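Here's the structure we're looking at; comments come further down.
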Amino acid sequence: VTKVLESTVATVPNIKNIFSTSLEVVSAITIEFEWGTDIDDAANDIRDKIDFVRDYLPDGASKPILFKFSTSFMPVLMFGIKAKESYPHLIDILEDKVIDPLRQVEGVGDASLFGGLIREIRVELNQVKLNSFRLTIDQIIGTIRMNNISEPGGTLKIGRNEFILRVPSEYRDINEIKNLIVGNYKGTPIYLKDVANVVDSFKEENMIVRVNGEPGVIIFVQKQSKANTVEVAEKCKQRIEQLKEKLPDDITIYITFDSSKFIKDSLSNLTRTILWGGFFVLIVVFLFLIDWRASIIIGLTIPFSLIVAFIFLYFLGYTINIMSLSSLAIAIGMVVDNGIVVTENIYRHRFQEKLALNESAVRGAGEVLQAVTASTLTTVAIFIPIFFISGIVGLLFKQLGLAVIVVLSSSLLVSLTLTPMLSSRLFEKKLDTSFIAKAERVNIRIFNKIKE
């Protein structure tokens, strides 16, 4: 089976690697494609190849199953559930009261249950009694199967009404199985309980799940491919809290894995990094310019540049994620460069050359226009090659490069528009306090030491 299928699917284009595993009654073939391959088209090609060679597979081989795997199949949440008195029937309780409601949560692709006890009606036949009544195992199996069916029974017309009939014949109680007539011996009916021991039991466990050291089950929650992980996880946790009220008191539910926690922690750390970075930028600017008005003007460059960047990212279809916030953390120190140059030049025209407010703002910004534009474009040019990187690396870092370019371009726009406007309003007169005078003298001494 493996050789036939493997040699056939190997002709599909853009295949990078093929791995096959042959075990007893199982043949598994894993196909890895080159990055950028359309998996839907590739799956259709593989399906056509498999259909072409199905007649060449050995008799008894089942129809090959094609499964597409991606990161969207990874669970976003795992719940560990344990119970004491309710443990034997835990699977049935969870299937009805937890699994089905979770599947209805917006963004959830599937909810699966693993572990626990599965009910099994075990029929232990007595071969000696079968021989004495001249019965075979196949007869017993056939009789049990034929009496456990539910089939349509046609239609029944009464006047103008037409009724759809159905013949329910499924077992509802273990006594029905025990009293099932499986044969006739010399005019006497033979019941299943006469030739077998019917036991209401559980299947043999091939997977054991323990929650905090006690027997339990696990629920895996998978999201839809385009759903937001954090939103799906939060909605599922809220739904679980609502469902707990309908469960028996001895059932306890724990969150054993939450992929959204890592995402939220990463975003929180990056957000704090951006805020602290902006704060220290303002401190440094104040220490050098010794003017709180100039610090405010330059500091406003940061939020305005970020707002413009977020607007561009939104319309380009990007989200606020680890890569986009990392790019903003990288660019947070560069966005104030243009504002510092423009503000310092306006400050010089206003207080050293004693020009009017509007004239100092226009002339100060116009004189450094080419300089700050060239400086920004040279930095932007560094990130342009990222767009030509192929594969998964290019996919990850393309958003980083784009975000940095947008932020720097926004800072250039803000420094040439907002900064001169604020300077023309705030630089009315030079501040003259003893504190500022002392700070200026300290800065002069520092600069003289550096020159020496």
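Everything numeric in this text was worked out from a predicted model, so none of it was measured.
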Sub-3.5 Å donor-acceptor pair from the side chain of Thr379 to the main-chain atoms of Ser375, do we have one? yes

Evaluate the criterion side chain to side chain donor-acceptor pair (under 3.5 Å) for residue pair Ser20 and Thr2; output intermediate values, then yes/no. CA-CA 7 Å; Ser20 60; Thr2 302; 5.8 Å; no

Can you name the nearest heavy-atom pair linking Phe114 to Val209, along with the distance? O-CG2, 4.0 Å

Report yes if the side chains of Val105 and Val232 come closer than 4.5 Å at any heavy-atom pair, otherwise no. no

For Ala196 versus Leu125, what's the shortest heavy-atom pair and its separation? CB-CD2, 3.5 Å

Side chain Asp250, main chain Lys84, donor-acceptor under 3.5 Å: yes

Any sub-3.5 Å donor-acceptor pair from Ser260's side-chain atoms to Val230's backbone N or O? no

Angle between ring planes, Trp276 versus Phe279, binned at 30° and 60°: parallel, tilted or perpendicular? perpendicular

Applied to residues 36-51, the salt bridge (charged side-chain N to carboxylate O under 4.0 Å, His left out) test, sequence neighbours excluded, yields Asp40-Lys68

Is the backbone of Asp265 close enough, under 3.5 Å, to the side chain of Asn269 for a donor and an acceptor to pair up by distance? yes

Looking at side-chain heavy atoms only, is the closest gap between Leu243 and Ile253 below 4.5 Å? no

Do the side chain of Asn14 and the main chain of Phe33 share a donor and acceptor less than 3.5 angstrom apart? no

Restricting to salt bridge (Lys or Arg N to Asp or Glu O under 4.0 Å), what partner residues turn up for Glu176, sequence neighbours left out? Arg172

Within the 4.5 Å heavy-atom criterion, are Leu192 and Ile140 side-chain neighbours or not? yes

Approximate separation, where rounding is to 0.5 Å, of Asp96 CG and Ile91 CD1: 12.0 Å

If I take atom CD1 from residue Ile99 and atom CD1 from residue Ile219, how far apart are they, to the nearest 0.5 angstrom? 4.0 Å

Less than 4.5 Å apart, side chain to side chain, heavy atoms only: is that true for Ser86 and Leu247? no

Is there a side-chain contact between Cys236 and Leu102 in this structure, where contact means two heavy atoms from C-beta onward sitting under 4.5 Å apart? yes

Any donor-acceptor pair under 3.5 Å from Ser424 side chain to Asn358 backbone: no

If you take all heavy atoms of Ser415 and Pro420, which pair is closest and at what distance? O-CD, 3.2 Å

Evaluate the side-chain proximity of Phe304 to Leu413: yes if any heavy-atom separation is below 4.5 Å, no if none is. no

Between Thr8 (side chain only) and Val4 (backbone N and O only), is there a donor and an acceptor less than 3.5 Å apart? yes

How close do Val406 and Ala309 get, counting heavy atoms only, and between which atoms? CG1-CA, 3.5 Å

Any donor-acceptor pair under 3.5 Å from Tyr171 side chain to Ile144 backbone: yes

Less than 4.5 Å apart, side chain to side chain, heavy atoms only: is that true for Tyr191 and Val182? no

Closest heavy-atom contact between Lys237 and Lys264? NZ-NZ, 4.1 Å

Answer yes or no: is there a side-chain heavy-atom contact under 4.5 Å between Arg239 and Pro101? yes

Nearest heavy-atom pair of Ser411 and Ser305: which atoms, and what distance? CA-OG, 3.3 Å

Which pairs count as side chain to side chain donor-acceptor pair (under 3.5 Å) when at least one residue sits in residues 103-121, sequence neighbours excluded? Arg103-Asp110, Glu106-Lys235, Asp110-Ser112, Arg119-Asp200

